[in-house]
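Structure, as structure tokens:
First the proteins, then the strands, lettered A, B, ... as listed; each starts at 1.
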Amino acid sequence: MNTTLLSGLNPPQLQAVTLPQQSALVLAGAGSGKTRVLTTRIAWLISTGAVSPHGILAVTFTNKAAKEMVVRLSAMLPINTRGMWIGTFHGLCNRLLRAHFREANLPQTFQILDSGDQLSAIKRVMKALNVDDEKFPPRELQNFISGSKEQGLRAHEVEAYDPYTRRKVEVFAEYDAQCQREGVVDFSELLLRCFELLSRNQQLREHYQERFRHVLVDEFQDTSPLQYQWLKLLAGKHAALFAVGDDDQSIYAFRGANVGNMQELLRDFQVGTVIKLEQNYRSHGNILDAANALIANNRNRMGKNLWTAEHGGEPLRVYEAPNDVEEANFIVGEIKQLKSEGVKLSEMALLYRSNAQSRVLEHALVSAGLSYRVYGGLRFFERQEIKHALAYLRLMENTDDDNALLRIINFPTRGIGARSIEQLQDAAKQYNTTLWDAAARAGGKVTAFVALIESLRAATCDLPLHPQGAGRGVPGAFGSTLPLPEIIEHVLEHSGLLAHYRAEKESPSKRREAEERLENLAELVTAATLFVHEHEEDSLTAFLTHASLEAGEHQAGDQDDALHLMTVHAAKGLEFHTVFITGLEEGLFPHQNSQNVDGGLDEERRLMYVAITRARRRLYLTFAQSRMLHGKVGYGMASCFLRELPDELLRWLSPRVVQRSNPFAAFGYAPPAPAAATQRTAQASPGGGGVWRIGQRVFHQKFGEGSITGVEGGGADARVQVNFKHAGSKWLALEYAKLTQL
DNA sequence: CGCACGTGGTTTTTT
DNA sequence: ACCACGTGCG
């Protein structure tokens, strides 16, 4: 069996897969067979008898990756993977916390807040503490709280030397207290609580350390400090930590990922050699050469050079459009051509740095009648109507969940206005109880609401009476527990949700929307049916957890043959025959906001590296001289990343305006095409003599060096937009600003 | 209570 | 340009 398992592996892959029991770091380049190595390693460990499935802990970031691992593993080994600990960080922490809810000081039916829920919970805390949301934007507090937790810090551990931070810490502390009262945990709490549980409870810790002999991690470069601490704790002194990752594909620093964990792992686990997977099985040579050349500009890399047996291939096609609409039109033309040559639409992807860019592309695609699918956007379980429905279910299960109560106490409207809700909140505060208890004491319409929830609960299940909470249709003391899909159907009908949207269908303006919402609610029942089937688990708690932890595919239906439109971030891990990287302009890609961040440009470059390595055969790089951004036309220069690609790998499809010998104008940056810039190209130049045009490099006494990215007006009013190297982007009046042309 | 209008923000995102 | 959110009116 081992021979089949290992056949076809290249030497470093084989080395990684068959490593003896020891910790390791596998530096796995894009398209180097990383997932294969990871799953084969597990299969090899099990099939050689080195470890039982029981002793494996395999961690990923996304549900998709976890699922993929399970599927591949099942194909390799005739074992039941169900009992194995393969999952996401959050999923596995949830599993641990459910199993030891008492030790973790959580109610058995604790609910998980998604980011939206978390934000509303924070807003409530801020209101209660009278925090000015002008000075403290709730979003910032959310980042502060989640960020601190990802560092492994509780409120009292955060260093707060200024009054501003101290206030934020206050909110943090009260927010955690509120969550505890309400029996809910947010995503990062799931990890932190689990970490604390294991570090404080020696018995539990030793139990799991004893159990897991091999801890395997995917996408290790994306781990946060807390996640790494968690891994270290579970690995203990005896387990082997097998980490697979690629520092060049680290693109999630903004959400707490710490590439430095790779170096730390080498030290902490005394890893002698790093195994490098550098043979790429995806792309043609030119594409890889371009990627290698680009990423070589980054400092502090672990060092890696992708190569392929498939040399050469087509050159990278570069296109400079006068504006964003023309860029889109060009792309549409190329797609049509490729399609006629037999490349499937689903084998092509349009990538962009930010979501807003999809608009123009979509418009052009619709006009051309090409079908496409945009990734990212509202996910199934995040839809308003679904969240409403889930809130009923959550409240039924855990009446302490104030978030859930507030969401539905007056939806559909039942005459409980802001006033009544405020009274409830006051009462709850006064008696130090949850809103539910306050509501139970209130009168009038609130009483009817309480009765409604109780009748829903009585009619469907007796959750509080479940001894194990494990579901399986165990009849409660009264009546019987309905199957999960029927519980949901009952709640949808009797909560008034269905009636509400059916009524909205009568209004012509809302018909479409209401129809869609009704369809989604029906889909929720289907999702529950599916869930019961797939998980052999029919407890409401499990389903609600599933809904929080797995927000579901963005859209139902995999479409027949449609183009893929997505951000570069979303494209990580995917591959296509043809890839278009669009909007390659300074300020867009690399993004403006990365300029002021330490290491920001390097991360943008890694993002570009990820984008390039998505392509198997053909790669287009496009940019526009001008584009509509935030409602205004802006002018950008070609991305510096284009300059970092070897000339000989590129084929320019647009006429090059300026000779390449001028290092600055290397990308054909000449004055914008007249058609695109009729009014905005100021030829007058009261300031410093020469003609001010986009791309011109300038020097300013105070702001330093920069380059012109926009010109407006003429004569005395002439203004230029300058993107300064260090001071950021500014509009300056030429009459006053002393700009020197460089 | 619900709708109309105004205002501000607008990189990337999984769980 | 566009969307999400909050306030003020009928």
Side-chain angles (χ1 to χ4, degrees), chain A residues 59-66 87-94 112-120 123 133-134 137-140 143 146 149-150 185-192 194 219 222-224 226-227 250-257 324 351-360 363 375-379 381-382 384 410-420 445 504 507 509-510 545-552 554 566-573 583 587-597 600 603-604 606-608 610-611 627-634:
Chain A
V59 198
T60 64
F61 274 86
T62 65
N63 292 300
K64 198 176 154 199
T88 63
F89 280 100
H90 296 84
L92 295 167
C93 285
N94 172 64
I112 299 164
L113 302 184
D114 68 17
S115 350
D117 299 329
Q118 185 187 29
L119 191 62
S120 36
K123 284 181 183 164
D133 58 4
E134 299 267 278
R139 289 236 174 253
E140 197 191 307
N143 288 336
S146 298
K149 288 186 183 180
E150 284 296 337
V185 297
D186 61 47
F187 288 132
S188 26
E189 181 70 27
L190 227 32
L191 301 181
L192 184 52
C194 186
E219 305 277 19
D222 287 337
T223 49
S224 69
L226 174 59
Q227 285 163 335
S250 160
I251 55 173
Y252 285 114
F254 71 92
R255 65 174 199 213
D324 48 355
L351 307 185
Y352 34 80
R353 178 63 178 82
S354 61
N355 287 303
Q357 289 167 251
S358 75
R359 192 162 224 90
V360 181
H363 184 80
Y375 290 74
L378 206 54
R379 328 241 317 238
F381 287 111
E382 285 165 356
Q384 190 212 97
N410 199 34
F411 192 93
T413 48
R414 42 178 73 89
I416 303 172
R419 241 348 253 290
S420 320
K445 291 163 176 166
E504 269 195 349
S507 143
S509 62
K510 289 189 177 163
T545 298
H546 167 79
S548 310
L549 251 31
E550 236 176 294
H554 291 279
M566 63 186 89
T567 62
V568 180
H569 281 94
K572 191 173 159 210
L588 236 201
F589 196 3
H591 197 275
Q592 187 65 244
N593 296 8
S594 70
Q595 305 254 303
N596 315 315
V597 183
E603 176 131 329
E604 294 290 308
R606 289 191 291 270
L607 202 47
M608 181 67 181
V610 168
R627 80 170 58 236
M628 188 76 107
L629 212 60
H630 309 320
K632 280 190 296 198
V633 177

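L351(A) comes within 4.0 angstrom of nothing in the nucleic acid, heavy atoms only. Residue S548(A) is out of contact with every strand shown, counting any heavy-atom pair closer than 4.0 Å. Counting any heavy atom pair closer than 4.0 Å across all strands shown, N63(A) reaches sugar-phosphate atoms only and no base atom.
Listed by chain and number, the residues in a side-chain hydrogen bond (donor to acceptor under 3.5 Å, both in side chains) with S358(A) are E362(A) (sequence neighbours excluded). For E189(A), the side-chain hydrogen bond (donor to acceptor under 3.5 Å, both in side chains) test picks out K149(A), R154(A), R193(A), with sequence neighbours left out. Residues passing the ring pair (Phe, Tyr, Trp, His ring centres under 6.0 Å) test with F61(A), sequence neighbours excluded: F89(A). Applying the salt bridge (Lys or Arg N to Asp or Glu O under 4.0 Å) rule to E604(A) yields the partners R353(A); only residues at least two apart in sequence or on another chain are considered. Residues meeting the salt bridge (Lys or Arg N to Asp or Glu O under 4.0 Å) test with R627(A), sequence neighbours left out: E327(A), E585(A). With sequence neighbours excluded, the residues that form a side-chain hydrogen bond (donor to acceptor under 3.5 Å, both in side chains) with D222(A) are K572(A). Residues satisfying the ring pair (Phe, Tyr, Trp, His ring centres under 6.0 Å) criterion with H591(A), sequence neighbours excluded, are absent altogether. Looking at residues two or more places apart in sequence or on another chain, you find no side-chain hydrogen bond (donor to acceptor under 3.5 Å, both in side chains) involving E382(A). Shown here are the salt bridge (Lys or Arg N to Asp or Glu O under 4.0 Å) partners of D114(A), two or more places apart in sequence or in another chain: K387(A).
From the 5' end on, the contacts that DNA chain C makes with chain A at under 4.0 Å to a non-hydrogen atom open and close at dA1(C) to dC3(C).
Checked by atom type and distance alone, the side chain of T60(A) never pairs as donor or acceptor with a backbone atom of A65(A) at under 3.5 Å.
R139(A) CZ: 12 or fewer foreign heavy atoms inside a 6.0 Å radius.
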Would you tabulate the nitrogen or oxygen pairs shorter than 3.5 Å linking the protein to nucleotides 2-6 of chain B?
from: dG2(B); atom 1: OP1; to: T413(A); atom 2: OG1; distance (Å): 2.8

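Between the P atoms of dT12(B) and dC5(C), the separation comes to 16 Å (whole Å).
Mapping G415(A) and F187(A) onto DNA chain B by nearest heavy atom places G415(A) at the nucleotide closer to the 5' end.
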TODO: For each nucleotide in nucleotides 8-13 of chain B, reading 5' to 3', give B when a protein heavy atom comes within less than 4.0 Å of its base, S when such contact involves only the sugar-phosphate, and - otherwise.
DONE: --BBBB
